[in-house]
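To start, the structure itself, in structure tokens.
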Amino acid sequence: VQLQASGGGLVQAGGSLRLSCTASGGTFSSYNMGWFRQAPGKEREFVAAIRWSGGTRDYADSVKGRFTVSRDNAKNTVYLQMNSLKPEDTAVYYCGKGRGWPAGRIIQYDYWGQGTQVTVSS
């Protein structure tokens with residue numbers, strides 16, 4: 001399984017970005033998928049996850065109400081819509097293929113994308 005993340009960039013506080021993560025190899029429609037982020041000097045932390053069917057989603061408290069995770073199984077792609085961005089959202093964002101549910105722990109992920117940088121200026 002290979003995961004390719006994209007969509008990061010520089011945005012002002014209050015702005016929006018949409019990240020994408022496209023999978024190749026394997027059966028994407030059977031995977032739970034998640035987004036994590038890692039800021040400089042900090043550990044990688046959970047952001048959001050979505051079950052294989054798209055029917056169940058989970059979010060970190062810090063992003064609830066601002067971020068939305070979705071997926072298009074026909075396109076083998078998972079998305080992270082990020083609104084009302086804050087400087088503290090600045091990090092490298094990683095998508096991952098998860099096992100089991102809930103999927104908020106790094107240990108549950110066996111494949112990762114390369115990461116995409118999100119920088120929010122104040």
Side-chain angles (χ1 to χ4, degrees):
V1 176
Q2 291 187 326
L3 302 175
Q4 181 72 37
S6 62
L10 173 64
V11 64
Q12 290 187 333
S16 298
L17 282 174
R18 188 177 81 156
L19 306 183
S20 299
C21 174
T22 300
S24 58
T27 308
F28 178 78
S29 58
S30 68
Y31 304 153
N32 298 332
M33 297 294 295
W35 288 96
F36 283 69
R37 67 187 180 186
Q38 188 165 17
K42 295 187 177 181
E43 294 184 351
R44 191 173 298 192
E45 65 175 6
F46 171 72
V47 175
I50 185 167
R51 290 200 76 170
W52 60 272
S53 65
T56 305
R57 309 173 192 191
D58 191 22
Y59 297 94
D61 288 344
S62 59
V63 306
K64 280 181 181 177
R66 301 188 298 122
F67 290 12
T68 302
V69 61
S70 62
R71 66 190 296 157
D72 185 339
N73 285 344
K75 295 183 178 179
N76 288 355
T77 301
V78 60
Y79 304 98
L80 185 67
Q81 177 67 43
M82 306 186 294
N83 299 330
S84 303
L85 282 161
K86 304 175 181 179
E88 51 263 44
D89 294 317
T90 295
V92 177
Y93 283 70
Y94 298 90
C95 60
K97 168 185 168 292
R99 298 169 296 169
W101 190 268
R105 297 179 298 158
I106 291 176
I107 195 172
Q108 294 174 270
Y109 290 78
D110 50 8
Y111 292 94
W112 294 95
Q114 85 286 7
T116 184
Q117 176 72 46
V118 172
T119 303
V120 184
S121 63
S122 57

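The first residue of the sequence shown is numbered 1, and numbering continues consecutively from there.
Listed by first and then second residue, the side chain to side chain donor-acceptor pair (under 3.5 Å) pairs that reach into residues 1-21 are Ser16-Asn83, sequence neighbours excluded. The side chain to side chain donor-acceptor pair (under 3.5 Å) pairs that include a residue from residues 21-33 are Thr22-Thr77, where partners are two or more places apart or lie in different chains. Pairs passing the disulfide (SG to SG under 2.5 Å) check and including a residue from residues 56-122, sequence neighbours excluded, read Cys21-Cys95. Applying the disulfide (SG to SG under 2.5 Å) definition to pairs two or more places apart or across chains, none involves residues 26-76.
Annotation: salt bridge (charged side-chain N to carboxylate O under 4.0 Å, His left out) contacts of Glu88 (sequence neighbours excluded): none. For Lys42, there are no salt bridge (charged side-chain N to carboxylate O under 4.0 Å, His left out) partners, not counting sequence neighbours.
Surrounding CH2 of Trp112 are more than 12 heavy atoms belonging to other residues, nucleotides or ligands, all under 6.0 Å away.
When side chains are defined from C-beta on, Tyr59 counts as touching Thr68, because their heavy atoms get closer than 4.5 Å. Between Arg37 and Leu80, the closest side-chain pair of non-hydrogen atoms is not below 4.5 Å. At least one side-chain heavy atom of Asp89 sits under 4.5 Å from a side-chain heavy atom of Arg66.
Between atom NZ of residue Lys97 and atom OH of residue Tyr109 there is a gap of 10.5 Å, rounded to the nearest 0.5 Å. Taking NZ from Lys75 and CZ from Phe28, the interatomic distance works out to 12.0 Å, rounded to the nearest 0.5 Å. Distance check: Gln38 CD to Gln117 CD gives 11.0 Å after rounding to the nearest 0.5 Å. Taken from CZ in Arg57 to CE in Met33, the straight-line distance is 14.0 Å, to the nearest 0.5 Å.
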- Message: The test is salt bridge (Lys or Arg N to Asp or Glu O under 4.0 Å); show your working for Lys64 and Asp61 and say whether it passes.
- Response: CA-CA 5 Å; Lys64 280 181 181 177; Asp61 288 344; 3.2 Å; yes
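When the side chains of ILVMFWY residues are joined at heavy-atom separations under 4.5 Å, either directly or via intervening members, Trp35 and Val92 end up in two distinct hydrophobic clusters.
Under the 30°/60° scheme for interplanar angles, the aromatic rings of Phe67 and Tyr93 are found to be tilted.
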